[in-house]
Participant: 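Could you have a look at this structure, given as structure tokens, before my questions?
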Protein chains: 2
Amino acid sequence: MKKNKLTLKDVAQQLGVSTATISNAFNRPDQLSASRRQEILTACERIGYHGPNKAAQILRKGHSNIVALVLADSIEYIVSDPVASTLIKGVSSVLQAHGKHLLLYAGDAQSIRDVVDFVDGFICYGAPRNVQLAEEINQQDKPVVTVDFNLPGRPAINIDNQQAAYDIARKALNKDDKVAILGLRLIDAPTTCRIYDSPLFEEDRSISHRRLDGYLRAIEEAGLTISNDWIWHIPESGGKYSRQAAQEVLNSAPRPTTILCMSDIIALEVLQCALSMGIKVPQELKITGFDGIDEAARTRPYLTTVCQSSVDKGKAAAQLLLAGDTNSQQLPYVLKKGETC
Amino acid sequence: MKKNKLTLKDVAQQLGVSTATISNAFNRPDQLSASRRQEILTACERIGYHGPNKAAQILRKGHSNIVALVLADSIEYIVSDPVASTLIKGVSSVLQAHGKHLLLYAGDAQSIRDVVDFVDGFICYGAPRNVQLAEEINQQDKPVVTVDFNLPGRPAINIDNQQAAYDIARKALNKDDKVAILGLRLIDAPTTCRIYDSPLFEEDRSISHRRLDGYLRAIEEAGLTISNDWIWHIPESGGKYSRQAAQEVLNSAPRPTTILCMSDIIALEVLQCALSMGIKVPQELKITGFDGIDEAARTRPYLTTVCQSSVDKGKAAAQLLLAGDTNSQQLPYVLKKGETC
DNA sequence: CTGTTAGCGCCTTCAT
DNA sequence: ATGAAGGCGCTAACAG
């Protein structure tokens, strides 16, 4: 039983009409009467023709209904990061509502060319580690929307990271506090470490640096100081890195009384580590997170954190892209008072 | 500054060679001398031609290097489920290593037709809620691999859910235990509830029912009994449903001494709920999970659970698909003794 | 090793 | 409302 794919031409011949009529029946309802159209559609269904071949349509029409979501890191990382996967959720819900498809793209600069010819546009999440990728994406002329970073001349979705970091730090800090910061990707190093005087990584584009600015401003306004020895760099939230940082900071003397963490995952590690060391939270140690992930709300004590809606960021990005809007958008955030400070 | 896309033909003309030569330089290195090829490639680079148009290649060659990952539920759900997102991780790592791309597909039966023409194959995770989708996928003739369920005539990736459930339950149960089961999708209902005598949902294909079989066998062998009043149905792990179930079961009299949960997320909710009620775990209450997600290891006390590697499942599925292998594969699992039983 | 040519399957004027 | 025809950009087979 051979299953030779029917082509539009075959069908036209079988039904004794022209190819244009079949094509119109599927793509341009206004070009023929409703009844005629219905007649043709059911005839097609009967003989097993499910509509024009998409590959040919993509070539012919020049668009595919596929949107690429470009991830800063490998898909491997992104998917295990709650914030990123929640973003995907938002993006996909909007795309789905518009009949678009989602290509999850995580590649090097080279291979962006694999998809640029048929994809309808790009949503980019997080500044690529790889500068060349960003350039490559920016040079092609399909629409682009960025999330959590900026690309010259392209619309971006962000929250005000600086202000959010400032707000939560201000809430946490009292005079006489000894404060430490657990930062994400502050310098260009593959391991957990204090930043000391290492040059800051991607300083202008990175949201981590906006957050750092906010923390530092709050620290200064609270009349406190912090030296670079008390600022940690963590290469990525997941895996062992956060735990290492948590242990280092909690075993440092004098032990900080407040730890500002740039992600909830980091904060949760600090929390667990502190509890198992018998440190009382928040009496002896205050902890703040960043992001507002579900897990932070499942855990006791509840984390004090900055809630930003990654779903909304994803939706906004997809909507911007589909609408062809070129205006950046700043989304709101909410401080969430938990039990950790 | 107009940016008219260069075509292969344009380039051939500009360089004064035939189109075939250009095409070969990019696609079939063996068809011309290395030096000639290099010469052409650099010339192309110089004039800004990055290689043959992919949309045209897809039509011409009949494949796209795109693999669709078909999700049982909407992308929205799957991505927030740790098990599912970890699977994506495995799939994507293998695809990436082979230069393939990942289309995240979550649609209804209808729209599978949107992609079937250009996608190279399908990996399906979890039985679709929607029976028609499964049929539609099975009827087309591109390769398919399923994970955590079966499609007639297609290779599948699974663990032995029945045996795994049996093993962990056997470990947890003692005589005189009063046992409850928190199940996932046992019946066709949108709310958390006891199953009583509702007809079981998709009994043959569902992994939940394999797990249930394993639990029941262990219960029987331990000389215990359980009635359907003590088996809960939870429509999905995430969101409020697990919490509702946790509260219901812990507030039932007589309170169970052992609760077998079909996912770690469910088990974690039970654990949090129990702790906040002042119930001692495992002295007064034993809890088992299923899956072995990261979060379960970040939480104290550590969950006793069945660890299965979703990453490996994803990898295996992708490898099977790319290799064109049609043999199903059963992956190993490991019992993890935690502090909850 | 290079050049020519016939489609891959469709959409869209244009003329009828 | 229909039929004919020219591409979309490329590849593979074949001939040189």
Side-chain angles (χ1 to χ4, degrees), chain A residues 3-41 43-44 47-65 113-120 140 142, chain B residues 3-41 43-44 47-65 113-120 140 142:
Chain A
K3 201 172 182 177
N4 270 330
K5 269 284 186 183
L6 285 172
T7 72
L8 187 148
K9 211 182 199 169
D10 298 335
V11 174
Q13 205 160 0
Q14 279 196 37
L15 301 189
V17 299
S18 95
T19 59
T21 307
I22 309 285
S23 176
N24 286 334
F26 281 97
N27 303 312
R28 306 173 34 172
D30 53 310
Q31 298 293 302
L32 69 179
S33 74
S35 61
R36 187 98 185 78
R37 176 173 131 89
Q38 204 32 252
E39 194 178 303
I40 290 183
L41 255 30
C44 286
I47 62 181
Y49 179 73
H50 299 312
N53 179 294
K54 299 300 172 190
Q57 276 189 325
I58 294 173
L59 175 59
R60 182 61 232 248
K61 294 193 175 183
H63 66 255
S64 59
N65 285 340
R113 293 173 182 167
D114 278 10
V115 303
V116 67
D117 287 331
F118 62 85
V119 147
D120 293 347
Q140 56 80 44
K142 301 261 169 97
Chain B
K3 202 171 182 177
N4 270 329
K5 269 284 188 186
L6 285 172
T7 74
L8 187 147
K9 211 181 199 170
D10 299 335
V11 173
Q13 205 160 0
Q14 279 195 37
L15 301 190
V17 299
S18 92
T19 61
T21 306
I22 308 287
S23 176
N24 286 334
F26 280 98
N27 303 311
R28 306 173 38 174
D30 53 310
Q31 299 293 301
L32 69 180
S33 72
S35 62
R36 187 101 183 78
R37 178 174 131 89
Q38 206 31 254
E39 193 180 303
I40 290 183
L41 255 31
C44 286
I47 63 180
Y49 180 71
H50 299 311
N53 180 294
K54 299 299 173 192
Q57 276 189 325
I58 294 172
L59 174 59
R60 182 62 235 245
K61 295 195 178 182
H63 66 255
S64 59
N65 285 340
R113 293 174 182 166
D114 278 8
V115 302
V116 68
D117 287 331
F118 62 85
V119 146
D120 294 346
Q140 55 80 44
K142 300 263 169 95

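Quick note on labels: first sequence line is chain A, next is B, and so on, each numbered from 1.
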Participant: Indicate the atoms forming the closest heavy-atom contact of A/Asn27 with A/Lys61, along with that distance.
Facilitator: OD1-NZ, 4.0 Å
Participant: When you measure from the side chain of A/Thr19 to the backbone N and O of A/Ala12, does any donor-acceptor pair fall under 3.5 Å?
Facilitator: no
Participant: Is A/Asp114 close to B/Asn65 at the side-chain level, that is, under 4.5 Å between some pair of heavy atoms?
Facilitator: no
Participant: Would you mind reading off the distance between B/Ile22 atom CD1 and C/dG3 atom P, rounded to a whole angstrom?
Facilitator: 9 Å
Participant: Would you mind reading off the distance between A/Leu32 atom CG and D/dG3 atom P, rounded to a whole angstrom?
Facilitator: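 Distance, rounded to whole Å: 12 Å.
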Participant: Rounded off to whole Å, could you give me the NE2-to-C1' distance for the B/His50 and D/dG9 pair?
Facilitator: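 The distance from NE2 of B/His50 to C1' of D/dG9 comes to 17 Å, rounded to the nearest Å.
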Participant: Could you tell me how far apart A/Phe118 (CZ) and D/dC10 (P) are, to the nearest whole angstrom?
Facilitator: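 Going from A/Phe118 (CZ) to D/dC10 (P), I get 15 Å.
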Participant: In whole Å, what is the span from the CZ atom of B/Phe26 to the P atom of D/dC10?
Facilitator: 10 Å
Participant: Give me the atom names and distance for the closest heavy-atom approach of B/Tyr49 to B/Thr7.
Facilitator: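 Between these two residues, the closest heavy atoms are CE1-C, 3.9 Å.
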Participant: Quick check on D/dA1: is either OP1 or OP2 less than 4.0 Å from any side-chain nitrogen or oxygen of A/Arg37?
Facilitator: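 A/Arg37 to D/dA1 OP1/OP2: no side-chain N or O under 4.0 Å.
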Participant: Whole-Å distance between C/dC8 P and B/His63 NE2?
Facilitator: 17 Å
Participant: If you draw a 6.0 Å radius around CD in B/Gln13, do more than 12 non-hydrogen atoms from other residues or ligands fall strictly inside?
Facilitator: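 At most 12 heavy atoms, drawn from other residues, nucleotides or ligands, come within 6.0 Å of this atom.
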Participant: Where do A/Phe26 and A/Leu41 land on the side-chain contact (heavy atoms from CB on, under 4.5 Å) test, with the steps shown first?
Facilitator: CA-CA 8 Å; A/Phe26 281 97; A/Leu41 255 30; 4.0 Å; yes
Participant: Could you state the atom-to-atom distance from CG of A/Asp117 to C1' of D/dG9 in whole Å?
Facilitator: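 Result: 10 Å.
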Participant: What is the per-nucleotide protein-contact pattern of nucleotides 9-16 of chain C, from the 5' end, where B denotes a base atom under 4.0 Å from a protein heavy atom, S denotes such proximity for sugar-phosphate atoms only, and - denotes neither?
Facilitator: BBBB----
